[in-house]
Amino acid sequence: MSKNTPQAIRGTQDIFGAEAEAFAFVVETFERVRRLYRFRRVEMPVFEKTEVFSRAIGETTDVVSKEMYSFEDRGGDSLTLRPEFTAGIARAFLTNGWQQHAPLKVATHGPLFRYERPQKGRYRQFHQIDAEIIGAAEPQADVELLAMADQIIRELGITGVTLHLNTLGDADSRDAWRAALVEHFRAVKGELSEDSQERLEKNPLRILDSKDRRDQAFVADAPKIDAFLSDDAKAFFEAVTSGLDAAGVKWTRAESLVRGLDYYRHTAFEFIPDEGSEAASRLGSQSTILGGGRYDGLMESLGGAPTPAVGWAAGIERLAMLVGDSLPPDRLEIAIAAENVERETDAAEMVSVFRQAGFVAEAFITGSPRKRYDKARKSEPAILISFDVREGQKTQSWLSTDPTIVREEEALQLLEDRWKLS
RNA sequence: GCGAUCGUAGCUCAGUUGGUUAGAGCGCCGGUUUGUGGUACCGGAGGUCGGGGGUUCGAGACCCCUCGAUCGCCCCA
């Protein structure tokens, strides 16, 4: 590689081979399952006015304050490459009059951008699948959304992952709890970790899932959300949990689970690998593979009418790292080796016949004719066909290495229709 | 944004306390061999040792800067 060749941008990926196949498998599974749940597909802009995100997500969050790719366009507007889907979808809901479709179930996927330090499972351009239900205040919406998430993960063959569930209560519950937490932690501020001392001002809820030992003791006896829940909020959460049980979705209560973005209310959840599981070790420190919750306050922050909504997003790269063995086989069914230059067009014609009949087929008609058979063999086809010329006669021979995974009789009939087998 | 480790052919890696024209295996290309056969042998292409600067008679090896990757922290999907 020349030093004159431009390098890829830090934190971007050129995905190829097995990883690309796993990526596609995640997207295909998502597309298939979202149809089962009647989520409608939407395509969204990759960039929006900066205020869409700063108002929706919250100015003080890390995402907005230091991770956005923002720039001024030629017209002088401040624009931002989307760091998440929800804000843009909420904006579209308001500006396109999608209220008429409420309750609206939508799904999408694509690239997102966050200026972060790259790590395994964390990139500056990354990709998510995303599902939202807008205009539904009922706990049944939360249940449906979570049931779909659970089914997608299961159909991807991912195991050792558990749904961690919590409630943040309604706006009043959340505010009262937050105030109590600030009071609790402020009393011991000097003994908290530096990070948590800062969180105390910016995002006190996050102290609850601090990994720092110094914080753990104070987290243990911190006020619990349950003590602050209104009767309605409590009933809502109970409806969600009983709905999940009825739908057969396994979950565990995570009292200290909070979400980083300002707009969350009531239900908050993450799918996290179980400690010590294969999945956990594959993901490293990037543990959450799917996260979301209810965001009843978001529409108002964008100037819309109060509109209840729930949603989640999941990192495609992180899911792809976990699919492993469950990938559908990508097996070459038929390989044709033209072992003589005179048979190249015959082989090209025959491979076309096979492909149009729905076979995965490839012709080996380049490079040294004497080595084509070996090349074809190394591609591990279920059926290997050789086109050659022996003693002036065109010859066609075939070798079956695995008749169980291909329509062998049909394939050989197609071959015989055109050529005499030798 | 902070800390740590690392960066030699397409891939996996060797390169001894700095010392002559930088190597291997696999892969790739070509030749020979084999001729119902994933064989064996021979040959070839491909590296300004991530980039830049410095120390030295001499640097892939040492120092500084920079870019990138990986692993923590932070944050999050």
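In what follows, every chain begins at residue 1, and chains take the letters A, B, ... in the order their sequences are listed. No hydrogens, no waters, no symmetry mates; every other heavy atom, side chains included, goes into these values.
For A:Lys371 and B:U34, the shortest distance from a side-chain N or O to OP1 or OP2 is not below 4.0 Å. Here A:Arg122 does not reach the OP1 or OP2 of B:C75: none of its side-chain N or O atoms lies under 4.0 Å away. Contact between the side-chain N/O atoms of A:Lys211 and the OP1/OP2 oxygens of B:C73 is found at a separation under 4.0 Å. OP1 or OP2 of B:C75 has at least one side-chain nitrogen or oxygen of A:Arg199 nearer than 4.0 Å. Taking 4.0 angstrom as the limit, A:Ser368 places a side-chain polar atom (N or O) nearer than this to OP1 or OP2 of B:G31.
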**Complete:** Given Watson-Crick and G-U pairs under 3.5 Å, RNA chain B in dot-bracket ([ ] crossing, | other strand) is (((((((..((((.....[...)))).(((((.......))))).....(((((..]....))))))))))))....

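At a threshold of 4.0 angstrom between heavy atoms, the contacts of A:Leu290 are confined to the sugar-phosphate backbone, with no base atom among them. Residue contacts for A:Gly17: at a heavy-atom cut-off of 4.0 Å it reaches no nucleic acid atom on any strand shown. The residue A:Asp388 sits close to a base: some heavy atom pair falls under 4.0 Å. Across all strands shown, A:Tyr123 has heavy atoms under 4.0 Å from base atoms, whether or not it also approaches the sugar-phosphate.
Sorted by first then second residue, the ring pair (Phe, Tyr, Trp, His ring centres under 6.0 Å) pairs that include residues 33-59 of chain A, not counting sequence neighbours, number zero. Residue pairs meeting the ring pair (Phe, Tyr, Trp, His ring centres under 6.0 Å) criterion with at least one member in residues 327-355 of chain A, sequence neighbours excluded, are A:Phe354-A:Phe359. Within the structure, every pair that satisfies the side chain to side chain donor-acceptor pair (under 3.5 Å) test and touches residues 372-385 of chain A, not counting sequence neighbours, is listed here: A:Glu344-A:Arg372.
Contacts between residues 145-156 of chain A and RNA chain B, defined by a heavy-atom separation below 4.0 Å, involve no residue at all.
Judged as a side-chain contact (heavy atoms from CB on, under 4.5 Å), and not counting sequence neighbours, the contacts of A:Ala314 are A:Ile129, A:Leu290, A:Trp312, A:Leu319. For A:Tyr295, the ring-ring contact (aromatic ring centres under 6.0 Å, His included) criterion is met by A:Tyr263, not counting sequence neighbours. In terms of the salt bridge (Lys or Arg N to Asp or Glu O under 4.0 Å) criterion, residue partners of A:Arg91 (sequence neighbours excluded) are, by chain and number, A:Glu48. For A:Ala8, the side-chain contact (heavy atoms from CB on, under 4.5 Å) criterion is met by A:Thr12, A:Asp14, not counting sequence neighbours. For A:Thr159, there are no side-chain contact (heavy atoms from CB on, under 4.5 Å) partners at least two apart in sequence or on another chain. Residues that satisfy the ring-ring contact (aromatic ring centres under 6.0 Å, His included) test with A:Phe113, not counting sequence neighbours, are absent from this structure.
Rounded to whole Å, the distance from CG on A:Leu163 to P on B:A77 is 15 Å.
For the pair A:Arg343 and A:Trp419, the cation sits on the ring face: its NZ or CZ lies under 6.0 Å from the ring centre, inside 45° of the axis.
For the pair A:Tyr373 and B:G38, the ring geometry does not qualify as stacking, because the centroid separation below 5.5 Å and plane angle under 30° are not jointly satisfied.
Remark: A:Glu116 does not engage A:Lys66 in a salt bridge, criterion side-chain N to carboxylate O under 4.0 Å.
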**Asked** What string of B, S and - do you get for nucleotides 2-7 of chain B, 5' to 3', when a contact is any protein heavy atom under 4.0 Å?
**Response** BBB---

